[in-house]
Amino acid sequence: MLLTAVFSPGASATLCAGKFRRRFRVLAKAFPAFLPSEVERIRDSFARKLATRIERLPVQVSFSDSSIMSSCVKPLLHTDTNPVVLLHGFDSSCLEWRYTLPRLEEAGFETWAVDILGWGFSDLERLPSCDVGSKRDHFYQFWKSYIKRPMLLVGPSLGAAVAIDFAINHPEAVEKLVLIDASVYSEGTRDMKKLPKALAYAGVYLLKSIPLRLYATFLAFNGLPFGTCLDWTNVGRLHCLLPWWEDATVAFMSSGGYNISSQIGKVKQKTLIIWGEDDQIIDYKLAVKLHSNLPNSIMRQVPECGHIPHVEKPDVVANLIVEFSKDNC
């Protein structure tokens with residue numbers, strides 16, 4: 001299982017930040033009270049702005065007696081066209097979309113960012129099941145309650161496995177798919193589900209450690225200053241500071257995780273595959289394999305970009321999604 005935590009943008013996003021701030025403004029307001037207090041330490045202005053927009057909405061699921069207060073970023077725009085819905089990668093949150101989401105909104109799209117059950121900032125004090133089936137049912141009930149229309153569903157890294165699993169099981173909810181540097185050929189969490197609980201918790205404690213998150217940041221991007229990496233790491237591990245994060249993560253890892261490689265051929269939706277040309281985490285050969293396994297797909301590479309294009313090259317990714325939505329990609 002690869003760590004794909006949330007990071008900030010690379011040079012292209014930094015260079016256009018000043019111009020973009022003038023074009024797209026969000027009124028400053030306080031952070032939601034349910035976010036960890038460490039959010040105040042984050043310097044990234046786009047992360048701070050998006051954090052103020054995070055809400056919790058009640059979602060009733062079949063595997064829990066009570067509703068789950070589920071975190072998301074709701075659209076600023078409501079349109080007559082089908083919405084764009086953004087998932088995130090393994091052990092991440094909706095903050096992963098802090099650069100691309102506002103660009104999609106500026107392009108006129110109704111855009112949601114939804115935290116996958118077990119990660120992000122949902123209230124899991126009454127710890128629900130966090131296995132694959134529960135994640136799917138939770139997202140379906142969220143869609144059924146609030147989105148209610150076929151969507152262009154975007155899944156990066158392990159979020160691509162979440163998106164594929166969902167599209168196969170609920171095809172009526174998904175018009176098109178966008179898969180970004182997709183992690184879809186791993187065999188779940190494999191032997192980790194056999195670990196004694198004490199070892200599992202020790203591994204999860206390491207997963208949220210600053211050294212490991214810093215290493216993941218350096219692996220995903222090239223030549224980043226230490227101060228930048230540290231701030232990006234603080235964004236990426238913010239959700240890990242919620243009191244139930246360890247329990248939810250162990251529950252997922254012990255369940256076996258996502259193993260969908262044999263199901264990929266069942267995807268019927270038109271699919272855009274986006275791949276960072278310099279991805280050091282997932283081999284480009286797997287992008288070619290995915291393209292061949294999805295007959296109704298097209299593939300676009302992002303030059304000079306690593307594992308997380310929607311953070312490193314948000315303008316490119318937003319433009320690709322816009323064009324794909326119009327069938328012009």
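Excluded from the calculations below are hydrogen atoms, water molecules and symmetry mates; all remaining heavy atoms, backbone and side chain alike, are included.
Between Phe90 and Phe252, the ring planes are tilted. Angles from 30° to 60° get that label. Using cut-offs of 30° and 60° for the angle between ring planes, the Phe166 and Phe139 rings count as tilted. Ring geometry for His239 against Trp245 counts as perpendicular: the plane angle is over 60°, on a 0 to 90° scale with 30° as the lower cut.
No donor-acceptor pair closer than 3.5 Å links the side chain of Asp137 to the backbone N or O of Gly133. A donor-acceptor distance shorter than 3.5 angstrom exists from the side chain of Glu110 to the backbone of Thr79, with no hydrogens or angles considered. For Ser93 (side chain) and Leu95 (main-chain N/O), a donor-acceptor pair under 3.5 Å exists by modelled atom type.
Put simply, CD1 on Ile273 and CG on Leu320 are 12.5 Å apart, with the number rounded to the nearest 0.5 Å. Interatomic distance, Lys289 NZ to Asp283 CG, rounded to the nearest 0.5 Å: 11.0 Å. Rounding to the nearest 0.5 angstrom, the gap separating the CG atom in Asn234 from the CG atom in Leu238 is 8.5 Å.
For the residue pair Asp123 and Trp244, no side-chain donor N or O sits within less than 3.5 Å of a side-chain acceptor on the partner. Checking Asp315 against Tyr99 by side-chain atom types alone, no donor-acceptor pair falls below 3.5 Å. Checking Ser157 against Ser183 by side-chain atom types alone, no donor-acceptor pair falls below 3.5 Å. Between Asp231 and Thr228, the side chains place no donor N or O within less than 3.5 Å of an acceptor N or O (distance only, hydrogens not considered).
Look at Glu125 and Arg56 and you find no salt bridge, because none of the NZ, NE, NH1 or NH2 atoms lies under 4.0 Å from a carboxylate O. Taking the charged nitrogens against the carboxylate oxygens, Glu40 and Arg48 do have a contact shorter than 4.0 Å, which makes a salt bridge. Ionic pairing of Glu38 and Arg237 is not present here: no N-O contact between side-chain nitrogen and carboxylate oxygen is shorter than 4.0 angstrom. Salt-bridge annotation for Asp91 and Arg213: present, with a side-chain N of the basic residue lying under 4.0 Å from a carboxylate O of the acidic one.
Under the 6.0 Å distance and 45° angle rule, Lys135 does not count as a cation-pi partner of Tyr258.
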Could you check Trp97 against His88 for ring pair (Phe, Tyr, Trp, His ring centres under 6.0 Å), going step by step and ending with a plain yes or no? CA-CA 8 Å; Trp97 290 100; His88 54 73; 9.4 Å; no
